[in-house]
Amino acid sequence: MPELPEVQTTVDGLNKYLVGKKITSVWSDYNSSYFDGKENIKNKKYFSLFKKTVLNSPIKKSERVGKNILIHLKNGTSILVHMKMTGHFLYGEYKKNNKGWLPKESGALRDPFNRHIRLVLGLDNGKSLVLSDMRKFAKVMFIKTKALKDHPDISNIAPDPFQLSMKGFIEKIRQKKSGRIKNILMDQSLVSGIGNIYSDEVLFNVDLHPETDISAINEKKLGEIWVRSKKILSKGIDLGGDSTSDYRNIEGKRGNFQKKHQVYRRSGQSCPKRGCLGKIIRKVVGGRSAHFCNKHQKLVETKIKK
DNA sequence: ACAATATCCTGCGAGC
DNA sequence: TGCTCGCAGGATATTG
């Protein structure tokens with residue numbers, strides 16, 4: 001799912017293809033009463049405003065903030081997109097027929113996961129930037145570029161591990177006095193960019209059980225988490241993101257991080273850590289499935305048992 | 001202050 | 001073969 005490496009891969013793709021292109025048409029079939037009154041193009045009234053605002057403006061550049069994508073336009077507006085779980089941008093020549101939008105070219109863009117087109121931004125070179133979003137969870141809104149830093153969707157996002165020093169990272173994490181390390185790592189207001197897949201992989205690498213209470217983790221270990229987070233997220237970026245499920249890059253192609261998983265979705269398999277004879281197990285932690293080794297990621301008890 | 005649960009939505013694969 | 005159902009997980013709201 002789009003976490004930091006997937007979002008970064010997408011933003012890199014946007015900057016590769018879209019700088020200087022002008023938005024000449026806007027189409028969307030997002031519809032959900034759930035979003036009435038909210039800043040999201042799923043709200044009909046908001047969508048017509050969105051259209052008016054972004055039309056005829058060239059794209060300046062794109063940027064990532066945590067897991068959010070910002071597409072800055074020359075007219076002083078920015079498009080803010082959160083892909084949530086199943087959203088991803090695609091770039092190509094698209095034609096609409098009675099079945100919906102289809103890429104002109106055969107190949108990666110015709111991948112089944114690339115066929116859930118909910119938003120089409122037509123460009124002045126005849127191509128389109130489209131958003132495929134199977135489960136319709138994505139958020140798309142517009143905002144004045146200058147107002148971004150005060151908008152909660154951006155201001156509540158903490159720096160990512162690359163933007164923090166080790167000291168800064170530890171300070172952020174230490175804001176929580178208790179709570180489980182997996183949930184804390186995925187809390188975007190403390191450290192941004194890490195989601196379910198990468199948190200599992202990081203915790204595997206630092207030998208911590210996902211439910212370890214933050215109060216039981218010392219400074220040295222927190223430093224290790226920072227180091228490993230950066231390393232693993234970098235690897236994710238280098239491999240073009242994770243396509244365990246539906247994620248595709250802007251060309252419609254898969255990333256390769258899923259081939260390097262040590263624990264994520266590997267329940268039942270033997271632990272890949274050298275010399276460890278454990279087994280990978282799955283447990284729901286904070287409503288999300290955590291994958292970890294039952295041997296070298298043992299839970300450190302912090303509470304005194306009766 | 002933290003934990004658990006439901007919600008948004010669709011597709012897939014397991015099992016009957 | 002064809003159905004039902006659990007699962008997938010980002011963020012947020014609500015309840016405990």
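Just so it is clear, the values below take in all heavy atoms, side chains as well, and ignore hydrogens, waters and symmetry mates. Naming convention: chains lettered A, B, ... in sequence-line order (proteins, then strands); numbering from 1 in each chain. Because the structure is a prediction, the values reported are computed rather than measured.
Comparing atom distances between the A/Arg265 side chain and each of C/dA11, C/dA8, B/dC2 picks out C/dA8 as nearest. Here C/dA8 is the nucleotide among B/dT10, B/dC8, C/dA8 with the atom lying nearest to any side-chain atom of A/Arg282. Picking from C/dG10, C/dA8, B/dG11 the nucleotide with the shortest atom distance to the side chain of A/Tyr264 gives C/dA8. For A/Ser289, whose side chain is taken as the heavy atoms from C-beta onward, the closest listed nucleotide among B/dG11, C/dA8, C/dA11 is C/dA8. Nearest nucleotide to the A/Arg288 side chain, out of C/dA11, B/dT10, B/dC9: C/dA11.
In this structure, A/Asp246 atom CG and C/dG10 atom P are separated by 11 Å, rounded to whole Å. For the pair A/Asp187 CG and B/dA3 P, the computed distance is 11 Å after rounding to whole Å. Following rounding to the nearest Å, A/Arg115 (CZ) and B/dC12 (C1') show an atom-to-atom distance of 16 Å. Going from atom CG of A/Asp133 over to atom P of B/dC9 covers 11 Å, rounded to whole Å. For the pair A/Ile184 CD1 and B/dA3 P, the computed distance is 8 Å after rounding to whole Å. Separating the NZ atom of A/Lys136 from the C1' atom of B/dT10 is a distance of 8 Å, rounded to the nearest angstrom. Distance A/Asp200 CG to C/dG10 P: 10 Å, rounded to the nearest Å. The distance between atom CE of A/Met85 and atom P of B/dT10, rounded to the nearest whole Å, is 13 Å.
Here A/Glu201 does not pair with A/Lys235 in a salt bridge; the nearest charged N to carboxylate O distance is not below 4.0 Å. Under a 4.0 Å N-O distance rule, the pair A/Glu171/A/Arg174 does not qualify as a salt bridge. By the 4.0 Å N-to-carboxylate-O rule, A/Lys260 lies too far from A/Asp242 to be salt-bridged with it.
Here the straight-line distance linking atom OH of A/Tyr264 with atom CD of A/Gln258 works out to 11.0 Å at 0.5 Å rounding. With rounding to the nearest 0.5 angstrom, the CD1 atom of A/Ile184 is 7.0 Å from the CG atom of A/Asp213.
In this structure, A/Phe137 does not pack face-to-face on the six-membered ring of C/dA11, missing the 5.5 Å centre cutoff or the 30° plane limit.
Proximity of A/Lys67 to the phosphate of C/dA11: a side-chain N or O atom is located under 4.0 Å from OP1 or OP2. Residue A/Lys176 places at least one side-chain N or O under 4.0 Å from the OP1 or OP2 atom of B/dC2. Side-chain N/O atoms of A/Gln188 include none lying less than 4.0 angstrom from OP1 or OP2 on C/dG10. Of the side-chain N and O atoms in A/Arg180, one or more sit less than 4.0 angstrom from OP1 or OP2 of B/dA4. Listed pair A/His82 / C/dG10 fails the phosphate criterion, with no side-chain N or O lying under 4.0 Å from OP1 or OP2.
Remark on DNA chain B: of its neighbouring residues A/Gly286 and A/Gln175, the 5'-side contact belongs to A/Gln175, judged by nearest-heavy-atom nucleotide.
Judged by distance alone, the side chains of A/Ser132 and A/His116 never bring a donor and an acceptor atom under 3.5 Å apart.
Within 4.0 Å of A/Ser178, counting heavy atoms only, lie sugar-phosphate atoms of the nucleic acid but no base atom.
In this structure B/dC9 sits in no base pair that meets the Watson-Crick or G-U test at under 3.5 Å.
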